[in-house]
Amino acid sequence: MAKALLEGKKGIIFGALDEKSLAWKTALRAHEEGAQIVLTNAPVAMRLGKINELAEICGAEVIPADATSVEDIENLFTKAMEIVGGKVDFVLHSIGMSPNVRKDFPYTDLNHDFFLKTLDISALSFHKILQTAYKKDAINDWGSVVALSYIAAQRTMPGYKDMADAKAMLESIARSFGYYYGKEKKVRVNTISQSPTLTTAGSGIKGFNSFYHYANDIAPLGNASADSCADYIVMLFSDFCRMVTMQNLYHDGGFSYALSSDEVLAHYED
Ligand code: NAI
């Protein structure tokens, strides 16, 4: 019988809020592929109670951690290493939040305290996680770290506001940390730029529904679903992608390289 893709591997998954979450789908897929996982989310997200349902399905422990707090992240890695009995092999950063987006402040009139919060939660948290793991030597050689990004890091998209800047920083952190982690430990660090997906974070963005359909029309393969995103993440965690690092990998059905489509152009025919 074929070996499961993540058999014998252990990992930490940040950001499973409910069954729509990209992290939720990834946890299920990683579990199916034989991985032992530890789940984590912000203490406030715990109160929604859903993560415990996922933990039960996956036989996983849940450790609360605010991803902006280095103390929480240190505690998380210490406890996770106790639970799995050593270092981990993979980490998923599936975290994003912008108070400016939530309050619908225009990009030209952002609240800068909120802007700092956006960057801290959605980008700097990735550096905090990587730095903590690096200092604690918490990831096995040839391990894999993935964070989720969005095309608004490269192309301007009205409505995404300061999250666009946060994603640009997130992708840059993957390249910068990927260099050092690769040199020292052969650990891979990549971001996946995912299609618009109907999740809590996704649907919080103004104009999300129209953009979801627009992207679906432009992408030759259509939008990538949350389930296919989970498949891609699991593949990046696996040994099949051992030489891939410091990349921003588009998982968007071809949207990022398609300028238009027959369907969209049909709207302009005279
Ligand atoms: P989601 O709302 O299910 O997940 C976002 C997660 O971030 C939640 O679990 C939330 O509790 C967590 N979070 C927020 N603040 C936190 C903090 N201080 N500490 C720890 N965790 C915190 O939504 P989704 O869509 O699954 O988002 C996951 C990632 O995918 C995000 O980085 C998002 O930007 C990215 N993404 C989403 C797309 C979409 O259209 N839904 C498209 C491309 C990327």
Side-chain angles (χ1 to χ4, degrees), residues 12-28 39-51 54 62-73 75-76 91-99 101-102 116-126 128-129 146-155 157 159-171 173-174 191-216 219 223-230 232-233 248-253 255-256:
I12 302 176
I13 295 187
F14 287 78
L17 183 67
D18 56 30
E19 46 289 86
K20 285 183 272 165
S21 300
L22 295 165
W24 185 290
K25 307 267 189 198
T26 307
L28 290 177
L39 297 168
T40 181
N41 209 328
V44 61
M46 300 280 166
R47 289 203 278 279
L48 294 171
K50 285 248 168 181
I51 200 169
L54 176 66
V62 183
I63 303 168
D66 179 338
T68 64
S69 157
V70 172
E71 204 187 326
D72 280 13
I73 300 168
N75 174 58
L76 165 69
V91 177
L92 175 67
H93 177 288
S94 187
I95 301 168
M97 210 282 282
S98 159
V101 168
R102 276 208 181 164
L116 286 172
K117 260 203 148 76
T118 305
L119 295 178
D120 198 14
I121 295 171
S122 312
L124 214 56
S125 61
F126 193 39
K128 290 176 178 174
I129 290 165
V146 172
L148 287 162
S149 193
Y150 189 50
I151 183 77
Q154 285 79 28
R155 309 279 168 95
M157 185 191 144
Y160 206 58
K161 304 179 182 174
D162 52 355
M163 276 301 287
D165 306 306
K167 291 302 190 194
M169 187 190 274
L170 182 82
E171 292 175 13
I173 289 170
T191 50
I192 291 177
S193 186
Q194 164 67 9
S195 287
T197 319
L198 297 159
T199 63
T200 304
S203 21
I205 294 151
K206 199 177 177 190
F208 177 86
N209 278 340
S210 342
F211 194 74
Y212 176 89
H213 294 295
Y214 173 77
N216 198 41
N223 285 336
S225 68
D227 285 316
S228 62
C229 185
Y232 193 38
I233 294 168
N248 179 48
L249 303 159
Y250 291 104
H251 185 256
D252 63 358
F255 172 79
S256 42

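Atoms within each ligand, like the ligands themselves, are counted from 1 in listed order.
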Would a 4.5 Å heavy-atom cut-off, applied to side chains only, mark [X] and [Y] as touching?
| X | Y | value |
| --- | --- | --- |
| Lys50 | Leu17 | no |
| Asn209 | Leu198 | yes |
| Ile95 | Phe126 | no |

For ligand 1, does [X] get within less than 4.0 Å through its side chain, its backbone, both, or neither, judged by non-hydrogen atoms?
| X | value |
| --- | --- |
| Ile121 | side chain |
| Ala147 | neither |
| Ser125 | neither |
| Phe208 | side chain |

For Ala16 against Ala23, the heavy-atom pair lying closest together: N-CB, 3.5 Å
Shortest non-hydrogen contact from Met163 toward Gly96: CE-CA, 4.2 Å
Could you tell me which residues satisfy salt bridge (charged side-chain N to carboxylate O under 4.0 Å, His left out) with Lys128, sequence neighbours excluded, listed by chain and number? Asp120
Sequence neighbours excluded, which residues qualify as salt bridge (charged side-chain N to carboxylate O under 4.0 Å, His left out) partners of Lys206? Asp104
Given [options], which one has a non-hydrogen atom that is nearest to [atom]?
| atom | options | answer |
| --- | --- | --- |
| atom 32 (O) of ligand 1 | Lys167, Lys25, His93 | Lys167 |
| atom 39 (C) of ligand 1 | Thr197, Asp120, Leu198 | Thr197 |
| atom 17 (C) of ligand 1 | Gly202, Ala153, Ala65, Ala42 | Ala42 |

Is there a donor-acceptor contact under 3.5 Å linking the side chains of Thr68 and Asp66? yes
Between Ser149 and Asn248, a side-chain donor and acceptor under 3.5 Å: no
When the aromatic ring centroids of Phe211 and Tyr214 are compared, is their separation below 6.0 Å? yes
Geometry only, no angles: is [X] polar-contacting ligand 1 at N/O separations under 3.5 Å?
| X | result |
| --- | --- |
| Ala201 | yes |
| Asp66 | yes |
| Met163 | no |
| Ala45 | no |
| Gln194 | no |

Apply side chain to side chain contact (heavy atoms under 4.5 Å, CB included) to the pair Phe255 and Arg155, showing each step before the final yes or no. CA-CA 12 Å; Phe255 172 79; Arg155 309 279 168 95; over 6 Å; no
Nearest neighbour in protein (non-hydrogen) for [atom]:
| atom | value |
| --- | --- |
| atom 3 (O) of ligand 1 | Ser21 OG, 2.6 Å |
| atom 37 (C) of ligand 1 | Leu22 CD1, 3.9 Å |
| atom 13 (N) of ligand 1 | Ile95 CG2, 3.7 Å |
| atom 4 (O) of ligand 1 | Gly15 O, 3.7 Å |
| atom 6 (C) of ligand 1 | Ser94 O, 3.5 Å |
| atom 25 (O) of ligand 1 | Thr199 OG1, 2.4 Å |
| atom 11 (O) of ligand 1 | Asn41 OD1, 2.7 Å |
| atom 43 (C) of ligand 1 | Ser149 O, 3.1 Å |

Contact between Ser195 and ligand 1, counting heavy atoms under 4.0 Å? yes
Under the criterion side chain to side chain contact (heavy atoms under 4.5 Å, CB included), I'd like the reasoning laid out for Asn223 against Thr197: C-alpha separation, chi angles, the key distance, then a yes or no. CA-CA 8 Å; Asn223 285 336; Thr197 319; over 6 Å; no
I'd like to check which ligand 1 atoms, numbered from 1 as shown, lie under 4.0 Å from a non-hydrogen atom of Thr200. 2 (O)
Report, in ascending order of atom number, the atoms of ligand 1 lying under 4.0 Å from any heavy atom of Pro196. 40 (O)
Residue of the set Ile13, Leu92, Leu22 for which side chain to side chain contact (heavy atoms under 4.5 Å, CB included) holds with Ile233: Leu92
Side chain to side chain contact (heavy atoms under 4.5 Å, CB included) between Leu28 and Leu54, worked out: CA-CA 8 Å; Leu28 290 177; Leu54 176 66; 3.7 Å; yes
